[in-house]
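Below, chains carry the letters A, B, ... as their sequence lines are ordered, and counting in each starts from 1.
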2 protein chains.
Amino acid sequence: MNQPESRQACGPTASEQDQRSRERLLRAAVDVFDRKGYAAASVREIVERAGITKPVLYYHFGSKEGILVAILEEAARQFQKAVTRAAQRPGSARERLAALCEEIYSLFKQNVPVVRVAHAVYFGPREGLPPFDFNVFDRTLADALHRIVEEGMATGELRRAPIDDVSTLINGVIEVCTDQELNPHVTPIGLDGLHRVLNLIFEGLVATHEGKEN
Amino acid sequence: MNQPESRQACGPTASEQDQRSRERLLRAAVDVFDRKGYAAASVREIVERAGITKPVLYYHFGSKEGILVAILEEAARQFQKAVTRAAQRPGSARERLAALCEEIYSLFKQNVPVVRVAHAVYFGPREGLPPFDFNVFDRTLADALHRIVEEGMATGELRRAPIDDVSTLINGVIEVCTDQELNPHVTPIGLDGLHRVLNLIFEGLVATHEGKEN
DNA sequence: GTCTATACAATGATAGAC
DNA sequence: GTCTATCATTGTATAGAC
């Protein structure tokens, strides 16, 4: 995999060819898993779409499950990177929460097929699960949310309330907006809509706030 | 199916036996679809679990897909019934929205396996879909939400805002709470949590409301 | 590292008796 | 309406040559 490359430029190396096949397989697998579902996807269709043959897939990933795990691991890396990046931004709690939601929404919007595959596996059957820790997504997001909300309450910017409830609520906003991107029959609310909904929960839905102290 | 029953009570009728097999098959199918996923579920396992044989399944439902559609249709009926019942309740917009959320949450909580199956198919692969209108769920809920929110704004109880944004928000609260029931790794927020989160969005997250007029 | 050819298990569905 | 027995197809995975 990592052998030194002391050679002239005269066509693809063996390991370059290697990487190219790997990437083609990953792209093809995401596409087929997305359209057919993991269980109904056939190795035959994946390799045909990648323009190579079956043994190449088994050489690189060992099994059909192996290529799914590789996809999920890459998705988890991207997700953690995005959340970490957003969580480190400066500003008020409200700004930082909005930035976090925006970051995740954009990431999902740019990778809809992968997100659909991950979503399907996450909520999918409990028997026959691939060896992958699905809760990295939850934990990563929950930690970031918890930290920001806690600070927002400490500075008095946010109302006192159970932190986990607030996290759940923000989680719901992200979820409902991203889920709209996954469903082909629904017209997504978009980034603007996401911000409008966030404003709603910060300002509150009721018109008169006579009893808001606590 | 509906032949008259002019006979003494001396053991199960043919049509009674019929219904019994049908129900056993439906229960077994929900269980196996839930655990293995629709595509990975085998007819063999379903009929074994139901304690009957393959031809009985094909006699009643025609195909593996047919039994899935039957499950979804029954789920849609239950859902519409629950939403209609909740939407007709009296009270303030806030009370009615809470009642609607509670009704749906309770229905889902009492039928987790079926909901998981429906959820998986709803977000599942677009190719190989069963002949079923998945948007009955969306439309039923969206209509009910729209009506209540509209009335709440007309009476001045709720702040003026895009109705669809408010609907999306309530939708997100329902979604995030019910999704927690579907994921075995997460401890659900429960009915109390649902109400706390709803209170949060009605009252708003920010501590000081200096610019809350529109 | 990639190919051709194939092993072998499991699947959805049906024919025909009762 | 329910059974036994069976079919044709498709699936994942691999052996062995290059």
Interface polar pairs with nucleotides 9-11 of chain C, N/O, under 3.5 angstrom:
| from | atom 1 | to | atom 2 | distance (Å) |
| --- | --- | --- | --- | --- |
| C:dT11 | OP2 | B:Arg44 | NE | 3.4 |

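Close to D:dC3, at under 4.0 Å from its OP1 or OP2, lies a side-chain N or O of B:Thr53.
Taking atom CG of A:Leu25 as the reference point, atom P of D:dA13 lies 14 Å away to the nearest angstrom. The CZ-C1' distance, from A:Arg22 to C:dT2, rounds to 16 Å in whole Å. If you take CD1 of B:Ile67 and P of C:dG12, they are 12 Å apart, rounded to a whole angstrom. Atom P of nucleotide C:dA15 and atom NZ of B:Lys54 are separated by 14 Å, given to the nearest angstrom. Rounded to a whole Å, the CD1 atom of B:Ile52 is 14 Å from the P atom of D:dG1. In this structure, CD of A:Glu48 is placed 13 Å from C1' of D:dT10, rounded to the nearest angstrom. With rounding to whole Å, A:Phe61 atom CZ is found 11 Å from C:dT2 atom P. Spacing between atom CG of A:Leu57 and atom C1' of D:dT14 amounts to 13 Å, rounded to whole angstrom units.
For the atom pair B:His185 NE2 and A:Arg139 CZ, the distance stands at 10.5 Å (nearest 0.5 Å).
Side-chain atoms of B:Asp138 and B:Tyr122 form a donor-acceptor pair, as typed in the model, at a separation below 3.5 Å.
Toward the 5' end of DNA chain C, the nearer of the two residues B:Tyr58 and B:Pro55, judged by each one's closest nucleotide, is B:Tyr58. Of the two residues near DNA chain D, B:His60 and A:Ser63, the one whose nearest nucleotide lies more 5' is B:His60.
The aromatic rings of B:Phe123 and B:His119 sit tilted relative to each other, their planes meeting at an angle between 30° and 60°.
A side chain to side chain contact (heavy atoms under 4.5 Å, CB included) with A:Arg147 holds for exactly one of A:Leu145, A:Val149, A:Asp143; it is A:Asp143. With B:Glu45 as reference, B:Arg35 is the one residue of B:Lys54, B:Lys64, B:Arg35 to meet the salt bridge (charged side-chain N to carboxylate O under 4.0 Å, His left out) rule.
Between A:Arg94 and A:Glu203 a salt bridge is recorded (basic side-chain N to carboxylate O distance below 4.0 Å). Electrostatic pairing of B:Arg77 and B:Glu74 counts as a salt bridge here, judged by a charged N lying under 4.0 Å from a carboxylate O.
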Practice item. In sequence, state the C-alpha distance, the side-chain angles, and the governing distance for A:Asp165 and B:Ile189, and then conclude on side-chain contact (heavy atoms from CB on, under 4.5 Å). Key: CA-CA 8 Å; A:Asp165 289 349; B:Ile189 194 170; 3.8 Å; yes
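Within a 6.0 Å radius of CZ in B:Arg196, other residues, nucleotides and ligands contribute more than 12 heavy atoms.
Taking the screw axis at each terminus of the helix from C:dG1-D:dC18 to C:dC18-D:dG1 from five consecutive base pairs, the angle between the two is 0° to within rounding of 10 degrees.
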